[in-house]
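Take a look at the structure below.
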Number of protein chains: 2
Amino acid sequence: MKPTEKADMKYTNQRVEILDFLREHDGHPTVDEVYDGVRKKLTRISKATVYKNLKFLTEKGLLEEVNVKGVSRFEANFIPHHHLICRECGKMEDFNSEQLLDYSMKIAEEIDGFTIVSTSTNFYGICKKCMELKEET
Amino acid sequence: MKPTEKADMKYTNQRVEILDFLREHDGHPTVDEVYDGVRKKLTRISKATVYKNLKFLTEKGLLEEVNVKGVSRFEANFIPHHHLICRECGKMEDFNSEQLLDYSMKIAEEIDGFTIVSTSTNFYGICKKCMELKEET
DNA sequence: GTTAATGCAAACCTTTTGCAAAACA
DNA sequence: TGTTTTGCAAAAGGTTTGCATTAAC
């Protein structure tokens with residue numbers, strides 16, 4: 001959590017459940033997945049509330065929005081990291097490499113016209129499951 | 001262009017103009033920017049045609065779709081490269097570093113459960129223009 | 001001459017908004 | 001109690017689809 005962004009916000013049940021859900025699911029859930037997940041505990045939550053909170057929490061800096069194949073996904077992991085992305089099914093996993101972060105930030109020093117504050121590398125390929133499906137045919 | 005993807009497609013005026021436009025504009029145009037740009041030459045083109053073609057050409061592998069702040073953007077540059085992304089305005093520029101590509105692919109060799117075929121690093125920060133705007137206030 | 005692509009309008013999401021009621025601090 | 005947030009329903013955006021017409025090969 002970014003301390004500077006704490007501000008005056010109310011920790012409603014809905015908000016807490018959404019944050020908890022995202023902290024427990026690091027597979028970068030979509031809006032619908034968050035909605036379905038949170039609804040198991042808060043059966044009466046509306047999708048508008050999910051939308052409002054995902055937007056709000058992203059603006060506050062408590063969540064990060066990423067996008068794969070045109071679909072918004074959310075994550076609560078603020079430790080800088082990389083992503084493994086399946087070109088077939090859109091699945092997205094976190095991948096850590098301190099080495100690569102360091103290397104990228106070093107390269108960032110050469111960049112003009114942009115003040116770089118962070119980097120993240122996407123690794124594109126095919127996940128195990130999709131690979132197996134391909135081999136079957 | 002990926003030769004394997006050439007297949008049987010018709011090179012209509014609309015399609016050619018969309019491809020040309022994207023090849024001449026490496027600033028990762030949005031759908032609306034493509035539409036506005038192409039309409040200067042083909043005044044009667046419909047937005048549905050732009051949507052259909054952007055989708056079709058992306059599936060054929062002639063375009064790549066990227067996403068910044070929830071907005072789809074398209075590019076025709078298939079030489080592996082990185083991106084400089086402004087967290088303020090969403091502007092996106094290409095950035096080349098053969099070094100970093102090599103380094104990332106080397107790291108990719110360690111990855112289990114994903115067969116990695118390419119990598120791309122995003123450099124996040126603030127562009128010159130947004131930085132100046134911030135300093136004014 | 002066939003087949004594929006266009007343009008228009010309608011249909012379809014997905015996301016946002018307005019507002020009274022409820023929940024938080 | 002005052003302010004923020006919720007939930008609902010309606011509105012707004014963005015994207016896709018159906019189909020007759022037109023263009024490409």
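Quick note: numbers below take in every heavy atom, side chains included, and nothing from hydrogens, waters or symmetry partners. So that the names make sense, note that chain A is the first sequence line, chain B the second, and so on, each numbered from 1. Small disclaimer: the values here were computed from a predicted structure and weren't measured.
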Interatomic distance where [atom1] belongs to [X] and [atom2] belongs to [N] [whole Å]:
| X | N | atom1 | atom2 | answer |
| --- | --- | --- | --- | --- |
| Phe56(A) | dT3(D) | CZ | C1' | 13 Å |
| Leu54(A) | dT15(C) | CG | P | 10 Å |
| Arg15(B) | dA4(C) | CZ | P | 11 Å |
| Lys60(B) | dA4(C) | NZ | P | 11 Å |
| Glu17(A) | dC24(C) | CD | C1' | 16 Å |
| Asn53(B) | dA24(D) | CG | P | 13 Å |
| Leu42(B) | dC8(C) | CG | C1' | 17 Å |
| Tyr35(B) | dC8(C) | OH | C1' | 11 Å |

(request) Look at the side-chain heavy atoms of Ile, Leu, Val, Met, Phe, Trp and Tyr, link any pair under 4.5 Å apart, and say whether Val16(B) and Phe56(B) land in one connected group. (result) yes
(request) Could you state whether Ile45(B) and Val31(B) fall into the same hydrophobic cluster, counting links through intermediate Ile, Leu, Val, Met, Phe, Trp or Tyr residues with side-chain heavy atoms under 4.5 angstrom apart? (result) yes
(request) In sequence, state the C-alpha distance, the side-chain angles, and the governing distance for Glu93(B) and Lys91(B), and then conclude on salt bridge (charged side-chain N to carboxylate O under 4.0 Å, His left out). (result) CA-CA 7 Å; Glu93(B) 274 180 29; Lys91(B) 185 175 140 185; 3.4 Å; yes
(request) Taking side-chain contact (heavy atoms from CB on, under 4.5 Å) as the test, write out the residues that go with Ser97(A), two or more places apart. (result) His82(A), Phe95(A), Gln99(A), Leu100(A), Ile107(B)
(request) Ignoring backbone atoms, test whether Ser46(B) places a side-chain nitrogen or oxygen under 4.0 Å from the OP1 or OP2 oxygen of dC8(C). (result) no
(request) Would you tell me if any nitrogen or oxygen in the side chain of Arg44(B) comes within less than 4.0 Å of OP1 or OP2 on dT6(C)? (result) no
(message) Taking the six-membered ring of Phe21(A) as reference, does the cationic atom of Arg23(A) (NZ for Lys, CZ for Arg) lie under 6.0 Å from its centre and within 45° of its axis?
(response) no
Give, for atom [atom1] of [X] and atom [atom2] of [Y], the distance between the pair rounded to the nearest 0.5 Å.
| X | Y | atom1 | atom2 | value |
| --- | --- | --- | --- | --- |
| Leu133(B) | Lys128(B) | CG | NZ | 13.5 Å |
| Ile85(A) | Ser118(B) | CD1 | OG | 9.5 Å |
| Glu88(B) | Ile126(B) | CD | CD1 | 5.0 Å |

(request) Please lay out, stage by stage, how Lys41(A) and Asp20(A) fare under the test salt bridge (charged side-chain N to carboxylate O under 4.0 Å, His left out). (result) CA-CA 11 Å; Lys41(A) 291 198 172 179; Asp20(A) 280 359; over 6 Å; no
Protein N or O to nucleotides 13-15 of chain D N or O, pairs below 3.5 Å:
unit_1, atom_1, unit_2, atom_2, d
dT15(D), OP2, Tyr51(B), OH, 2.1
dT15(D), O5', Tyr51(B), OH, 3.3

Quick test: give all pairs of protein nitrogen or oxygen and nucleotides 18-23 of chain C nitrogen or oxygen below 3.5 Å, distance rounded to 0.1 Å.
unit_1, atom_1, unit_2, atom_2, d
dG18(C), O6, Lys52(A), NZ, 3.1

